[in-house]
Q: 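Sharing a structure, written as structure tokens. Questions coming.
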Amino acid sequence: MEKTYAGHAVTLNNEGYLTDMNQWNHEVATEMAKEDGLNLGARHFEVLEYLRDQQKKDVALTIRGVGKSGVVDIKEFYELFPKGPLKISSRLAGIPKPKSCI
């Protein structure tokens with residue numbers, strides 16, 4: 001499915017994840033986050049950039065792994081991305097849904 005965020009046309013799968021990481025940018029993420037009731041700030045983008053970097057390195061993402069990253073601890077991860085931090089943050093980072101997410 002194709003959708004437009006901040007004037008950028010992106011292609012999403014049936015769960016709302018970008019099918020092409022290269023279509024992602026901060027403006028797209030900001031608009032996507034509004035659908036989840038989130039207003040992204042600098043800390044959000046630090047986490048999103050970390051997730052994108054890990055995806056490029058083919059690192060399997062887990063909540064525990066992100067919490068031990070030194071970028072964000074588990075408590076803050078849940079505060080930044082309530083209602084499923086890894087699932088929501090991965091979608092907003094423009095990366096595929098991690099296998100550890102249901």
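Predicted, not measured: the structure shown is a model, and the values here were computed from it.
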Q: Only one of P85, S69, P82 forms a side-chain contact (heavy atoms from CB on, under 4.5 Å) with F77, so which one is it?
A: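 Of P85, S69, P82, side-chain contact (heavy atoms from CB on, under 4.5 Å) with F77 is met by P85 alone.
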Q: Would you say Y17 ends up clustered with V10 if hydrophobic residues are merged whenever their side chains have heavy atoms under 4.5 Å apart, either directly or through other cluster members?
A: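 No: no chain of side-chain contacts under 4.5 Å links V10 to Y17.
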Q: Which heavy atom of L40 sits nearest to which heavy atom of A33, and what is that distance?
A: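 Scanning both residues, the minimum pair turns out to be CG-CB, 3.6 Å.
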Q: Just by distance, do the side chain of E2 and the backbone of A9 share a donor-acceptor pair under 3.5 Å?
A: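 Side chain of E2 to backbone of A9, a donor-acceptor pair under 3.5 Å: no, none is there.
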Q: Might you point out which heavy atoms bring L86 and P98 nearest each other, and give the distance in Å?
A: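 L86 and P98 have their closest heavy atoms at CG-CG, 3.8 Å.
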Q: Assess whether side chain to side chain contact (heavy atoms under 4.5 Å, CB included) is satisfied between Q23 and H8, documenting all intermediate values.
A: CA-CA 8 Å; Q23 293 180 329; H8 301 276; over 6 Å; no
Q: Please report the closest heavy-atom contact between H44 and N39, naming both atoms and the distance.
A: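 The pair with the smallest heavy-atom distance is CE1-O, 3.6 Å.
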Q: Hey, are the side chains of L18 and Y5 touching, using non-hydrogen atoms and a 4.5 Å cut-off?
A: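 No, too far: nothing below the 4.5 Å cut-off.
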Q: Drop me the distance from R52's CZ to I95's CD1, to the nearest 0.5 angstrom.
A: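 It is 8.0 Å, given to the nearest 0.5 Å.
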Q: Determine, step by step, whether N14 and M1 satisfy the side chain to side chain contact (heavy atoms under 4.5 Å, CB included) criterion, reporting the C-alpha distance in whole Å, the side-chain angles of both residues, the deciding distance to 0.1 Å, and the verdict.
A: CA-CA 7 Å; N14 61 345; M1 137 177 70; over 6 Å; no
Q: Between R91 and E15, is there a donor-acceptor pair closer than 3.5 Å when you use the side chain of the first and the backbone of the second?
A: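 No.
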Q: What closest approach, in Å, do E27 and A6 show between heavy atoms, and which atom pair accounts for it?
A: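 Heavy-atom minimum between the residues: CB-CB, 3.7 Å.
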Q: Please check if the side chain of T11 supplies one atom and the backbone of T19 the other of a donor-acceptor pair under 3.5 Å.
A: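 Side chain of T11 to backbone of T19, a donor-acceptor pair under 3.5 Å: no, none is there.
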Q: Looking at every non-hydrogen atom in both residues, tell me the closest pair between A29 and L48 and how far apart they are.
A: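 Looking at all heavy atoms of both residues, the closest pair is CB-CD1, 4.3 Å.
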Q: Check for me, please, whether F81 and V66 land in the same ILVMFWY cluster - side-chain distances under 4.5 Å, paths through other members count.
A: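 As far as the 4.5 Å side-chain criterion goes, V66 and F81 are connected within one cluster.
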Q: Run the side chain to side chain contact (heavy atoms under 4.5 Å, CB included) check on I88 and K83 step by step: do they pass?
A: CA-CA 8 Å; I88 292 170; K83 302 179 187 170; 4.2 Å; yes
Q: Restricting to non-hydrogen atoms, name the atom on G94 and the atom on M21 that form the minimum distance, rounded to 0.1 Å.
A: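 Between these two residues, the closest heavy atoms are O-CG, 3.2 Å.
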Q: Using the salt bridge (charged side-chain N to carboxylate O under 4.0 Å, His left out) rule, collect all pairs that involve residues 62-78, keeping only residues at least two apart or in two chains.
A: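 Matches after skipping sequence neighbours: R43-E76.
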Q: With a 4.5 Å cut-off on side-chain heavy-atom distances among I, L, V, M, F, W and Y, is there a chain of contacts connecting V59 to V47?
A: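 No, V59 does not connect to V47 through the hydrophobic network.
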Q: Under 3.5 Å, side chain of D20 to main-chain N/O of N22, donor-acceptor pair present?
A: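 Between the backbone of N22 and the side chain of D20 there is a qualifying donor-acceptor contact (under 3.5 Å).
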Q: Does K3 reach the side chain of M32, with side-chain heavy atoms less than 4.5 Å apart?
A: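 Heavy-atom side-chain distance check fails, nothing below 4.5 Å.
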